[in-house]
S.K.: 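First, the structure itself, so that you have it in front of you.
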Amino acid sequence: MDFQRFKPHLPWITLLVLVAAVGIVDDTFLRPANLLSLAGDIVPLFIMALGLTFAIYIGGIDLSAQSMANLVTVVASIYLASFGAWVAVLCILVGFGFGMLSGYVTTRLLVPSFISTLAVGGVAFSLAQYLSGQRALNMDAAQRDAVFGWMIGKTGPIPHELFIAAGLLALTLFIERRTTLGRALKAVGAGEPAAAASGLNVARYKMLAFAISGALAAIAGLLFAVKLSGGAPTIANGFLLPAIVAVLVGGTPLTGGVGGVLNTAIGTLIVAVIRASMLYFDIQATQQQMVFGLVLIGAIALTIDRAKLRTVK
């Protein structure tokens, strides 16, 4: 079979193989309650990966997502008492604004997204340190439960995080497939020079892609804060690499133009199973980032479109 024809089916085949392998090692893994719990725990990472999908879909990268989530946990913890439910709007606006800043630096100042988002992430991290006084913050538990308790509740055996994830997946899928923005992002990812030559305002759409990434990172940070009843400048550390892995193993390559949010949903499930398997196989926490690094290299090697690369530097 031609590998190029087989490649689109690789993510879900990989998912099935991993689930079967872990299920053989430990049959409790396949119990519905365990699978629902596993899916609920991975939702903040999934939301972050959804945002990263838009940045990678256009052939860029957003390395500020983790810092954005950290900043938002601090903002939510500090301002919940003052703003109540409106703190969610504040958090999303913070993420959207920082994302727009990344897009502006990338498109207007012509700084590669790798550097611009890394720099903006550094600004977000410093702001989180300043606002928090470089310490962990706690939310008032009663107020958190009154305002955002629904986010971490359950309906029967189903965690509400899964409803949030499904809603955001539906929204981003609609944006990707049914809007002018989604079609423009696909055109930019498939071939930016051709998109610009056709009259598309490439800079504006790239800025919006980074803004969406920032906003979704902020939602992930808000969910972190609610689940943990507090925030800190480093509370989401360790999530950026798995989130990037989720996008890439799902089939959205760094060269952009193909894949999308449904692929990221499959990729996130693959990451969830990998994380669970490392626990079952007694892989230490200090070694898990190494595993994700190796998976990342493999994912890039398998998904990248070499026809778009003249040189590798």
Side-chain angles (χ1 to χ4, degrees), residues 19 28-51 65-66 68-96 132 136-174 212 214-232 234-239 242-243 246 261-262 264-273 275-276 279:
V19 169
T28 63
F29 175 76
L30 296 176
R31 291 177 181 174
N34 183 63
L35 293 176
L36 285 172
S37 176
L38 180 67
D41 288 341
I42 207 75
V43 167
L45 188 146
F46 170 61
I47 297 172
M48 187 183 295
L50 273 182
Q66 178 176 279
M68 201 71 62
N70 283 327
L71 171 60
V72 164
T73 66
V74 172
V75 170
S77 299
I78 293 174
Y79 295 107
L80 174 62
S82 302
F83 290 90
W86 286 101
V87 77
V89 177
L90 174 62
C91 291
I92 294 172
L93 288 176
V94 167
F96 189 89
S132 67
L137 303 174
N138 295 316
M139 287 180 172
D140 180 85
Q143 188 172 22
R144 181 207 65 169
D145 291 341
V147 177
F148 293 119
W150 61 271
M151 295 177 70
I152 53 176
K154 287 187 175 183
T155 297
I158 303 175
H160 287 176
E161 293 100 311
L162 294 182
F163 294 117
I164 297 172
L168 289 173
L169 176 60
L171 175 62
T172 53
L173 186 62
F174 177 79
I212 292 171
L216 286 166
I219 295 173
L222 178 61
L223 187 53
F224 272 124
V226 173
K227 287 172 71 74
L228 301 175
S229 194
T234 58
I235 201 168
N237 281 6
F239 276 76
V261 295
L262 276 181
T264 297
I266 297 174
T268 304
L269 292 174
I270 291 173
V271 168
V273 176
R275 290 178 66 181
L279 296 177

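Residues take their numbers from the sequence shown, with the count starting at 1.
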S.K.: What are the two closest heavy atoms between Leu38 and Ala272, and how far apart are they?
M.R.: CD1-O, 3.9 Å
S.K.: Rounded to the nearest 0.5 Å, what separates atom OG1 in Thr264 from atom CD1 in Ile270?
M.R.: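 CD1 of Ile270 is found 10.5 Å from OG1 of Thr264.
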S.K.: Is it the case that the side chain of Ser37 and the backbone of Ala33 share a donor-acceptor pair, with hydrogens and angles ignored and the cut-off at 3.5 Å?
M.R.: no
S.K.: Could you list the donor-acceptor pairs under 3.5 angstrom formed between side-chain atoms of residues 165-173 and any protein atom two or more places apart in sequence or on another chain?
M.R.:
residue	atom	partner	partner atom	Å
Thr172	OG1	Leu168	O	2.9
Thr172	OG1	Leu169	O	3.1

S.K.: How far apart are the closest heavy atoms of Pro242 and Leu45, and which atoms are they?
M.R.: CB-CD1, 3.5 Å
S.K.: Under the 3.5 angstrom rule, does the side chain of Glu161 hit a backbone N or O of Ile152 as a donor-acceptor pair?
M.R.: no
S.K.: Report the distance from atom CG of Leu228 to atom CD1 of Ile235, rounding to the nearest 0.5 Å.
M.R.: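 Result: 4.5 Å between the selected atoms.
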S.K.: Could you tell me whether the side chain of Asn138 and the main chain of Gly230 form a donor-acceptor pair under 3.5 Å?
M.R.: no
S.K.: Just wondering, more than 12 heavy atoms not from Phe163 lying within 6.0 Å of its CZ?
M.R.: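 More than 12 within 6.0 Å, yes.
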S.K.: Could you state the interatomic distance from SG (Cys91) to CE (Met68), rounded to the nearest 0.5 Å?
M.R.: 12.0 Å
S.K.: Side chains of Ile47 and Ile164: closer than 4.5 Å at any heavy-atom pair?
M.R.: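 When only atoms from C-beta onward are counted, Ile164 and Ile47 do touch, with a gap below 4.5 Å.
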S.K.: Applying side-chain hydrogen bond (donor to acceptor under 3.5 Å, both in side chains), which residue pairs with at least one partner in residues 83-95 are found, sequence neighbours left out?
M.R.: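 Every candidate side-chain hydrogen bond (donor to acceptor under 3.5 Å, both in side chains) pair involving residues 83-95 fails, so no pair, neighbours aside, qualifies.
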